[in-house]
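The structure under discussion appears below in the form of structure tokens.
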Amino acid sequence: MERNPATGAPSAAYAAWVDTAWEGFHEKPATAEQLEQLLQAEVCDGRVLTGVFDDSRPTELVDALTPVATYASFTRTMNLGAKLLPAHLITMVTVRPTHRRRGILRKLLSTDLSEAKDAGFALAVLTATEATIYGRFGFGRATEQQVLELDVRGAVDFHAAATGSVVQLAPAKLADIAPEIFARFHESQRGSIGRQESYTRMATGAWGDEQPEPDTKLRAAVYLDAHGVIQGYVTHAFAGWESTPPTLKVRDLVAATSQSRRELLRFLANLDLVERVTVPMVTANDPLTWALVDPSRISYTQRQHGLWVRVLDVVAAFEAREYRGSGTFTLQVQDPLSLVAGTYRFTLTEGTASIGLLENPEPADASCEVTALGPLLLGACTVTDLVVAGLLKPASPAASATLGSLLDLPGLPHAINGF
């Protein structure tokens with residue numbers, strides 16, 4: 001992430017890296033201003049960018065600065081229930097089709113995961129465009145997301161009476177508000193992942209939701225509780241008169257309390273000249289259906305996997321998790337990368353875990369591949385679900401019941417952003 005010493009503009013090497021990464025996601029080359037915006041944001045994020053180069057390509061056909069693969073990483077925290085834990089985030093992974101099946105991805109990921117573990121990270125996290133790629137590296141699906149569609153034709157009635165107030169404001173006013181509200185949400189929601197700089201820029205309209213350039217269509221509102229404290233915000237944009245039915249698209253909705261989320265949705269349902277409101281990044285068990293008098297107004301589309309988690313340190317990761325009650329069990333983990341392989345004893349006392357790696361492994365109460373640790377860590381499903389799926393193998397029905405009583409958690413982990 002260098003600058004040209006003569007002009008101060010992003011370097012040609014940085015531009016080539018970005019254009020290669022964007023090409024991997026079928027985006028057109030970045031403009032000079034977009035490169036400047038991206039460079040600023042990535043410096044704020046503390047990203048590490050990696051490129052893989054092929055020196056055998058003819059330079060009269062291909063610029064030597066153009067990589068054949070890209071890879072980026074940075075650090076944010078993840079909410080594991082009992083505490084926030086630093087996580088190694090991986091993004092912008094691309095390999096050109098001319099260089100597939102040469103071991104590039106395996107080398108990049110295995111090296112990076114090993115270095116992340118050595119640096120003290122307990123987990124690595126990524127979002128996957130293709131669900132079948134990352135399981136072989138130990139990543140397990142930990143969250144899901146979908147788009148909520150709300151039919152707002154006519155009055156939308158809620159069971160609860162309206163409380164507090166909503167104030168519409170210029171998106172630029174969210175510069176300080178948005179990060180503070182998200183921080184409060186992040187501290188309370190299991191599965192939440194810390195946000196990068198681009199989210200503040202998108203909340204203020206400095207960036208659009210697809211490109212790092214100003215978004216003049218964006219509108220914003222905040223919710224204030226009965227004491228005048230801001231508890232949530234929403235940004236949204238009209239999809240255009242050609243949309244059928246006329247649709248308002250929520251770009252970002254962040255609520256520090258469940259009440260503020262409900263009231264922001266009530267506000268959106270009352271906007272004129274709109275027949276449908278869409279809300280992205282919604283959890284699979286969204287509570288809004290219980291808030292409406294007529295739940296048939298809600299439908300869901302585009303359900304898909306969200307965050308994938310790779311445990312790098314079983315002890316540190318699982319001691320940051322929530323539990324139920326007291327008890328003990330042992331878990332044997334198989335790991336093809338040998339980062340967390342072994343048998344671990346879990347000693348739980350009133351919901352708090354003490355975990356140790358056994359030097360002389362004994363027959364375990366259950367065993368699993370490392371891919372099962374991600375959903376098990378976040379409580380993405382029940383122990384029974386993992387057993388039925390074949391991802392967790394208990395030694396006996398009694399052992400399965402014991403694990404379920406200690407590990408199963410209410411609700412689902414949820415993240416409202418990707419990276």
Side-chain angles (χ1 to χ4, degrees), residues 1-76 88-119 121 124-130 132-134 136-137 139 196-198 201 206-214 308 310 337 418-419:
M1 290 187 288
E2 299 172 337
R3 292 184 178 275
N4 185 310
T7 66
S11 69
Y14 178 72
W17 190 96
V18 170
D19 286 345
T20 299
W22 279 24
E23 183 179 343
F25 295 98
H26 304 296
E27 298 288 344
K28 60 185 179 182
T31 66
E33 180 55 32
Q34 288 174 335
L35 285 171
E36 175 60 34
Q37 291 293 317
L38 286 168
L39 182 58
Q40 291 177 16
E42 293 188 327
V43 169
C44 287
D45 290 339
R47 294 197 182 205
V48 175
L49 309 185
T50 300
V52 178
F53 299 84
D54 181 356
D55 295 336
S56 71
R57 294 175 301 174
T59 56
E60 69 273 15
L61 297 178
V62 182
D63 190 324
L65 292 175
T66 301
V68 298
T70 62
Y71 190 99
S73 62
F74 63 111
T75 301
R76 287 294 182 272
H88 181 70
L89 275 53
I90 299 167
T91 187
M92 300 303 287
V93 180
T94 71
V95 179
R96 287 185 176 271
T98 54
H99 288 71
R100 301 269 170 83
R101 295 177 175 82
R102 300 191 188 187
I104 293 175
L105 178 61
R106 175 165 292 279
K107 181 67 173 179
L108 283 168
L109 264 172
S110 60
T111 301
D112 186 52
L113 291 175
S114 179
E115 291 177 350
K117 178 179 175 65
D118 291 343
F121 288 97
V125 186
L126 53 76
T127 59
T129 52
E130 297 180 53
T132 59
I133 294 177
Y134 295 99
R136 64 183 185 270
F137 299 102
F139 288 86
Q196 63 267 36
E197 169 67 14
S198 61
R201 299 189 180 210
W207 286 20
D209 63 337
E210 295 182 354
Q211 298 290 348
E213 54 192 25
W308 292 69
R310 209 292 182 191
L337 299 185
F419 49 90

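Each residue takes its place number in the sequence, starting with 1.
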Side-chain donor or acceptor of Asp45 paired with backbone N/O of Arg47 under 3.5 Å: no
Non-hydrogen side-chain atoms of Met92 and Val18 separated by less than 4.5 Å: no
Nearest atoms (heavy-atom pairs only) where Cys44 meets Arg76: O-NH2, 4.5 Å
Partners passing salt bridge (Lys or Arg N to Asp or Glu O under 4.0 Å) against Asp19 (at least two apart in sequence or in another chain): none
Minimal non-hydrogen separation, Gln37 against Pro212, with atom names: CG-O, 3.7 Å
Gap separating the CG atom of Leu109 from the NZ atom of Lys107, nearest 0.5 angstrom: 12.0 Å
Under 3.5 Å side-chain donor-acceptor pair for Thr94 and Thr70: yes
Verdict with supporting geometry, Val93 and Leu108, side chain to side chain contact (heavy atoms under 4.5 Å, CB included): CA-CA 9 Å; Val93 180; Leu108 283 168; 5.6 Å; no
Under 3.5 Å donor-acceptor, Ser114 side chain and Ser110 backbone: no
Donor-acceptor contact present, side-chain Arg96 to main-chain Pro67, <3.5 Å: yes
Side-chain donor/acceptor of Tyr14 to backbone N/O of Leu39, under 3.5 Å: yes
Leu65 to Ala13 - nearest heavy-atom pair and separation: CD1-N, 3.9 Å
From CG (Leu113) to CZ (Phe139), nearest 0.5 Å: 5.0 Å
Residue pair Glu36 / Pro10: nearest heavy atoms and the distance that separates them: OE1-CD, 3.6 Å
Mutual orientation of the aromatic rings belonging to Phe419 and Phe74 [parallel < 30°, tilted 30-60°, perpendicular > 60°]: perpendicular
From Lys117 atom NZ to Arg310 atom CZ, the distance as rounded to the nearest 0.5 Å: 8.5 Å
Neighbour count above 12 (heavy atom, 6.0 Å) for Glu130 CD: no
Set of residues satisfying ring pair (Phe, Tyr, Trp, His ring centres under 6.0 Å) with respect to Trp207, sequence neighbours excluded: none
Any side-chain donor near an acceptor of the partner, Gln211 and Glu27, under 3.5 Å: yes
CH2-CD distance between Trp22 and Gln34, expressed to the nearest 0.5 angstrom: 4.5 Å
Nearest-0.5 Å distance, CD of residue Gln40 to OG of residue Ser198: 13.0 Å
Point-to-point distance, once rounded to the nearest 0.5 Å, from OH of Tyr134 to CG of Leu126: 6.0 Å
Closest heavy-atom pair and its distance - Thr75, Phe121: OG1-CZ, 3.3 Å
Pairs flagged by side chain to side chain donor-acceptor pair (under 3.5 Å) wherever residues 97-106 is involved - sequence neighbours left out: Asp54-His99
Stepwise side chain to side chain contact (heavy atoms under 4.5 Å, CB included) test for Arg201 and Gln196: CA-CA 10 Å; Arg201 299 189 180 210; Gln196 63 267 36; over 6 Å; no
